[in-house]
Amino acid sequence: MVPHDTGPAGRTRPAHTDLSPVDLDVYRALLDGSGTAAELGHRLGVGARRLGPVLRRLVDLELATRVEGRPVRFAAVAPEVAFGGLLVRKQRELEEVRLLRAELRERHRRAVGDADPERLLEVVRGTDAIARRASRLVRSARHEVRFVDKPPHDRPPGVPRTAQRELLERGVGFRGVYDRACLERYAPDRGPGAGLPPGEEARVVPDAPLKMILVDRHLGLVPLDSAASEPVTALVVRPCALLDALGALFEGLWSQALPLAVHDHEPLSAQDVRLLALLATGMPDRGIAKQLGLSYRTFQRRLHDLMRALGARTRLQAGVRAAQSGWVRVAPPDDAPG
């Protein structure tokens, strides 16, 4: 039987069955030979009184048994038997957790469905208030921040670079979709992704439809006028159909956007952009290499990297996708390089 205790409202919940290092040390000692609490304490260099709760726990978990006689001796249950039972208990506990999650999810769904809309949508007014709210929202992230950015701002409102770097160092993911116009400030020789913090995944679209920030799939912030140089009204969105729709919109943009980096921390360069543009014209590989001043082997290596980054199977597909996404412009025939 799985040991249980009783929780609130008479519900039962499985006792914690994770083994501590001390539990395992005592079990290993019992495998070497049975013994009383005093004998085991002498072997392990631990006081017998301290071993009492550990031995009782091992017995409760069916990893050890009490041997008849005085003083009481303890013996290990064979690992294939003991840990087989432990696995069954773990699986049973896991199933109980799954059932509990389903129950609570349904309860949350009903609560959200019956919630006052004012609890789901918070209106924030004033440029400074929006910046502060966005900063607090982003700093609360535990798993991932997703955002869409477009002019006139070139960063999500209220997200300082230092805060983003701190979150990235803590393992919080950042995925950003940028409107192409956000990247025009970069010098051609630096490349469009040169100003991004290391660790941020960034992609670009020709025309982003709005600005937004999504945090851990449970909070969102959307300026109501994405074209305003200083947004004066924004919505904070909590879990509801609208937040789901914003998440789906982001993922749709992400899947269609072009990556800003070929490898981690290696931004797409101006030469890469020109290479993609030449691919879209249908120019032969050796002609493109000559135009770029690259050896054929270097060109082939860079082309392979770009195709992988773009998810393209062929060189033509890479060029066409770049052109269709608006990242590169295909020169008309009169302007095409010879």
Q.
Under the criterion side chain to side chain contact (heavy atoms under 4.5 Å, CB included), I'd like the reasoning laid out for Val22 against Arg50: C-alpha separation, chi angles, the key distance, then a yes or no.
A. CA-CA 10 Å; Val22 175; Arg50 184 180 170 192; 4.3 Å; yes
Q.
Could you walk me through whether Leu63 and Asp23 satisfy the side chain to side chain contact (heavy atoms under 4.5 Å, CB included) test, starting with their C-alpha distance in whole Å, then the side-chain angles of each, then the deciding distance to 0.1 Å, before giving a yes or no?
A. CA-CA 10 Å; Leu63 297 177; Asp23 295 335; over 6 Å; no
Q. Between Asp179 and Asp207, does a side chain to side chain contact (heavy atoms under 4.5 Å, CB included) hold up when you go through it step by step?
A. CA-CA 5 Å; Asp179 187 292; Asp207 184 20; 3.5 Å; yes
Q) Are Phe299 and Leu275 close enough, and set up right, to give a side chain to side chain contact (heavy atoms under 4.5 Å, CB included), and what steps lead you there? A) CA-CA 9 Å; Phe299 164 79; Leu275 189 156; 3.8 Å; yes
(Q) Would Arg175 and Glu200 count as a salt bridge (charged side-chain N to carboxylate O under 4.0 Å, His left out) here? Give the steps. (A) CA-CA 6 Å; Arg175 286 195 288 154; Glu200 177 184 308; over 6 Å; no
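In this structure, the side chains of His304 and Arg308 come closer than 4.5 Å at one or more pairs of heavy atoms. Proximity of Leu235 to Glu122: side-chain heavy atoms (C-beta onward) are nowhere separated by under 4.5 Å. At least one side-chain heavy atom of Arg203 sits less than 4.5 Å from a side-chain heavy atom of Trp254. In this structure, Val232 and Leu224 have side chains that are not in contact, with every pair of non-hydrogen atoms separated by 4.5 Å or more. Taking 4.5 Å as the limit, every side-chain heavy atom of Phe174 sits out of range of all side-chain heavy atoms of Glu144. The shortest distance between side-chain heavy atoms of Phe147 and Leu214 does not fall below 4.5 Å. Side chains of Val145 and Ile213 form a contact here, defined as non-hydrogen atoms less than 4.5 Å apart. Counting heavy atoms from C-beta on, the side chains of Leu303 and Ile288 never come closer than 4.5 Å.
Annotation for Pro239 and Leu120: closest pair O-CD2, 3.7 Å, computed over non-hydrogen atoms. Closest heavy-atom contact between Asp216 and Arg142: OD2-N, 2.7 Å. Between Arg217 and Leu243, the shortest heavy-atom distance links the atoms O-CD2, 3.9 Å. Taking all atoms of both residues into account, the shortest heavy-atom contact from Cys240 to Val237 is SG-CG1, 3.8 Å. A pairwise comparison of heavy atoms in Ala257 and Val205 identifies CB-CG1, 3.5 Å as the closest pair. When all heavy atoms of Pro223 and Pro231 are compared, the closest pair comes out as CB-CB, 4.0 Å.
Note on Val59: it clusters hydrophobically with Leu61, by side-chain heavy-atom contacts below 4.5 Å among ILVMFWY residues. Note on Leu19 and Leu87: separate hydrophobic clusters, where clusters join Ile, Leu, Val, Met, Phe, Trp and Tyr whose side-chain heavy atoms are under 4.5 Å apart, directly or indirectly. At a threshold of 4.5 Å between side-chain heavy atoms, the hydrophobic network of Ile, Leu, Val, Met, Phe, Trp and Tyr places Val54 and Val72 in one connected group. Residue Tyr296 is grouped with residue Leu294 when hydrophobic side chains (ILVMFWY) are merged at heavy-atom distances under 4.5 angstrom, including chains of intermediate members.
Classification of Glu68 and Arg73 as a salt-bridged pair fails, no side-chain N sitting under 4.0 Å from a carboxylate O. Salt bridge Asp149/Lys211: absent, no basic N to carboxylate O contact under 4.0 Å. Salt bridge status for Arg98 with Glu93: absent, with no side-chain N to carboxylate O gap under 4.0 Å.
Atom-to-atom distance recorded for Leu221:CG and Arg136:CZ is 10.5 Å, nearest 0.5 angstrom. Atom-to-atom distance recorded for Leu99:CG and Glu103:CD is 9.0 Å, nearest 0.5 angstrom. If you take CG on Leu51 and CZ on Arg43, they are separated by 10.5 Å, rounding to the nearest 0.5 Å. The CG atom of Leu167 sits 12.5 Å away from the NE2 atom of His143 when rounded to the nearest 0.5 Å. One finds the CG atom of Leu246 at 9.5 Å from the CZ atom of Arg146 (value rounded to the nearest 0.5 Å). The CZ atom of Arg302 lies 7.5 Å from the CD atom of Gln271; values are rounded to the nearest 0.5 Å.
A search for side chain to side chain contact (heavy atoms under 4.5 Å, CB included) contacts involving Ala129 returns Val124, Arg132, not counting sequence neighbours.
Heavy-atom contacts from other residues, nucleotides or ligands closer than 6.0 Å to NE2 of His218 number more than 12. The 12-atom threshold is not exceeded at CZ of Arg286, counting heavy atoms of other residues, nucleotides or ligands nearer than 6.0 Å.
In this structure, Arg66 is not positioned above the aromatic face of Phe74 in the sense of NZ or CZ being under 6.0 Å from the six-membered ring centre and within 45° of the axis.
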Validation: residues 24-37 side-chain donor-acceptor distances under 3.5 Å, sequence neighbours left out:
residue, atom, partner, partner atom, Å
Tyr27, OH, Val77, O, 2.7
Thr36, OG1, Ala38, N, 3.4
Thr36, OG1, Glu39, N, 3.1

